Amino acid sequence: MYDAVALGELLIDFTPAGISSNECSLFEQNPGGAPANVLGVLAKLNMKTEFIGKVGRDQFGYFLKDVLENIQVGTRNLVFDDEANTTLAFVHLDDNGDRKFSFYRNPGADMMLREEDIDFNIIDNAKVFHFGSVSMTHEPARSTTLKAVEYAKAKKVLVSYDPNYRPLLWKNADEAKQYMEKGLAYADILKVSEEELQLLTDITDIEQAVRYLEIKYNIPLIVVTLGDKGSYFKKSDYEAYVPSYKVKAVDTTGAGDGFLGGLLYQILTSEKNIHDIQGIEFKKMIGFANAIGALMTTKRGAIPAIPALKEIEEFIDNNINE
Ligand code: ATP
């Protein structure tokens, strides 16, 4: 049995790493891809995980497989594409550590995931199935993603969804919205940023927008991540803003994935059905998730920045979220 299985993109994040002696920008080769990052957090917290996705048969693809194996994320369903190269993303950071991207994905191997590449038994044996929208930008991965999540839902696996809007990967915002919305119909746990929430609902008020999605798609738990302000969540008739922790952010890559990994860890270890977890219990779980998100901004990259349980617990003990 797997605690969590995730399907989606696995790629290289080239993260800024200073200036060379020739005064050229240096970039560090970091493993990336939101679904894999979420599994990385869970694996670091000793959960059993399996990744479903595709990389190129190239040096970057082999590197990514090694990285997942080294952090104990299962790669039985990581497939190599013989034609498309591994997707590359160059990350540019502004003074606040916020990211801008350039993607090299024309096509990228992650877009080439086909239904026949998937061992559906892996999904049968998962407690949580997690996916995002980057694997829905192009065919064939778009149909494959929807098929897999439909399968997970039919098998009553708890479905976690992070629409993770990356404007540069879509033809336009309308196309993005159309497919990001499709995922909402399957979500038991929805994690969105403020920008994604507004795109999906055309409503600027967070609480109103969340209520709209909750009712329209019948989603038990909706969480909105708010960067250094923490997060907001709604579970049935309980809703709350949960502040984050004060940190010196150097790179926000993976903070949202760290947050979601932390939340899924809390839900998995509570061993309760999501419907039976009380709002007040979620508040504590989301405080834990905020702590991982905050800690992940203090280091460069996503997977290399994932903290261990001891580090998270010490951080929570030694800091107040206000
Ligand atoms: P993604 O890029 O995956 O969509 P996101 O926008 O969902 O990410 P953020 O809101 O940047 O993710 O971060 C997720 C969580 O991490 C926040 O809800 C917050 O708890 C924590 N966090 C992020 N940035 C900071 C920061 N600068 N200081 C403290 N906590 C932070």
Side-chain angles (χ1 to χ4, degrees), residues 6 8-9 11 13 15 30 32-41 89 91-101 103 130-135 160-170 176 180 183 187 189-200 206 209-210 221-234 240-266 282-303 305-307 312 315-316 318-322:
E9 71 281 10
L11 48 85
D13 276 330
T15 318
N30 277 301
N37 293 341
V38 171
L39 292 188
V41 174
V91 183
H92 308 275
L93 301 179
D94 67 19
D95 293 343
N96 301 320
D98 287 329
R99 296 159 291 159
K100 302 254 175 301
F101 290 93
F103 284 97
H130 173 68
F131 75 115
S133 76
V134 171
S135 60
S160 154
Y161 178 42
D162 176 357
N164 223 7
Y165 180 43
R166 297 284 176 263
L168 291 175
L169 297 181
W170 297 91
M180 282 162 67
I189 300 162
L190 172 67
K191 176 237 158 226
V192 280
S193 66
E194 249 183 301
E195 183 196 15
E196 289 152 2
L197 185 64
Q198 197 172 336
L199 178 77
L200 288 166
I206 293 176
V210 166
L221 175 64
I222 301 181
V223 187
V224 186
T225 47
L226 305 168
D228 62 0
K229 296 198 292 295
S231 44
Y232 165 83
F233 79 97
K234 183 163 187 344
Y241 286 89
V242 188
S244 191
Y245 295 82
K246 239 190 174 42
V247 286
K248 171 130 188 50
V250 295
D251 176 9
T252 58
T253 309
D257 306 325
F259 173 93
L260 186 53
L263 177 58
L264 294 177
Y265 169 76
Q266 290 288 332
F282 272 121
K283 195 168 177 187
K284 194 152 180 256
M285 293 179 176
I286 284 169
F288 178 89
N290 280 344
I292 301 187
L295 274 169
M296 285 188 63
T297 68
T298 63
K299 291 187 186 145
R300 282 205 311 268
I303 287 176
I306 299 173
I312 302 162
F315 178 78
I316 291 172
N318 296 330
N319 292 275
I320 301 163
N321 51 340
E322 51 194 17

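Here the structure is a predicted model, which means the values were calculated and not measured. Numbering of ligands and ligand atoms starts at 1, following listing order.
For atom 8 (O) of ligand 1, the nearest non-hydrogen atom from the set A291, P163, G256 belongs to G256. When A34, A255, G227 are checked for heavy-atom proximity to atom 22 (N) of ligand 1, G227 turns out nearest. Closest heavy-atom approach to atom 30 (N) of ligand 1 among the candidates G287, G258, G254, S244: S244.
For ligand 1, the polar-atom distance check finds no N/O of F259 at less than 3.5 Å from any of the ligand's N/O atoms. Residue N290 has at least one nitrogen or oxygen atom sitting less than 3.5 Å from a nitrogen or oxygen atom of ligand 1, judged on distance alone. Not a single N or O atom of D162, backbone or side chain, sits closer than 3.5 Å to an N or O atom of ligand 1.
Of all the heavy atoms of N164, the ones lying under 4.0 Å from any atom of ligand 1 belong exclusively to the side chain. When heavy-atom distances to ligand 1 are checked against a 4.0 Å cut-off, T225 comes that close through both its backbone and its side chain. Residue contacts with ligand 1 for Y245 involve N, CA, C or O but no side-chain atom from C-beta outward (heavy atoms, distance under 4.0 Å).
Close approach of ligand 1 to V247 (heavy-atom distance below 4.0 Å) involves ligand atoms 28 (N), 29 (C). Numbered from 1 in the order shown, with element, the atoms of ligand 1 that lie under 4.0 Å from a heavy atom of T297 read 23 (C), 24 (N), 25 (C). Close approach to L226 involves these atoms of ligand 1, each under 4.0 Å from a residue heavy atom: 10 (O), 18 (O).
Put simply, the side chain of S133 gets close to the backbone of P163: a donor and an acceptor are under 3.5 Å apart. Panel note: side chain N290, backbone P243; a donor-acceptor pair is recorded below 3.5 Å. At distances below 3.5 Å, not a single donor-acceptor pair connects side-chain atoms of T252 with backbone N or O atoms of A255. Judged purely by atom type and a 3.5 angstrom limit, H92 has no side-chain atom pairing as donor or acceptor with the backbone of K100. Side chain of D251 to backbone of T253: a donor-acceptor contact under 3.5 angstrom is found.
When only non-hydrogen protein atoms are considered, atom 27 (N) of ligand 1 lies nearest to D228 CB, 3.5 Å. Protein heavy atom at the shortest distance from atom 18 (O) of ligand 1 is G230 O, 2.8 Å. For atom 2 (O) of ligand 1, the closest non-hydrogen atom on the protein side is R99 NH2, 2.6 Å. Shortest contact from atom 16 (O) of ligand 1 to any protein heavy atom: G293 CA, 3.2 Å.
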Residues Y265, V41; criterion side chain to side chain contact (heavy atoms under 4.5 Å, CB included); working and verdict: CA-CA 9 Å; Y265 169 76; V41 174; over 6 Å; no
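Contact between K191 and ligand 1 is present, with at least one heavy atom of the residue lying under 4.0 Å from the ligand. At least one heavy atom of R166 lies less than 4.0 angstrom from ligand 1.
Side-chain contact between T298 and K248 is absent, with no heavy-atom pair separated by less than 4.5 Å. E196 has its side chain within reach of N164: a pair of non-hydrogen atoms, C-beta onward, lies under 4.5 Å apart. Here the side chains of H130 and I189 are not in contact, with every heavy-atom distance at 4.5 Å or above. For the pair N30/V91, no side-chain contact is recorded, criterion being any heavy-atom separation below 4.5 Å from C-beta on. Counting only heavy atoms from C-beta outward, the side chains of Q266 and F282 never approach each other to under 4.5 Å.
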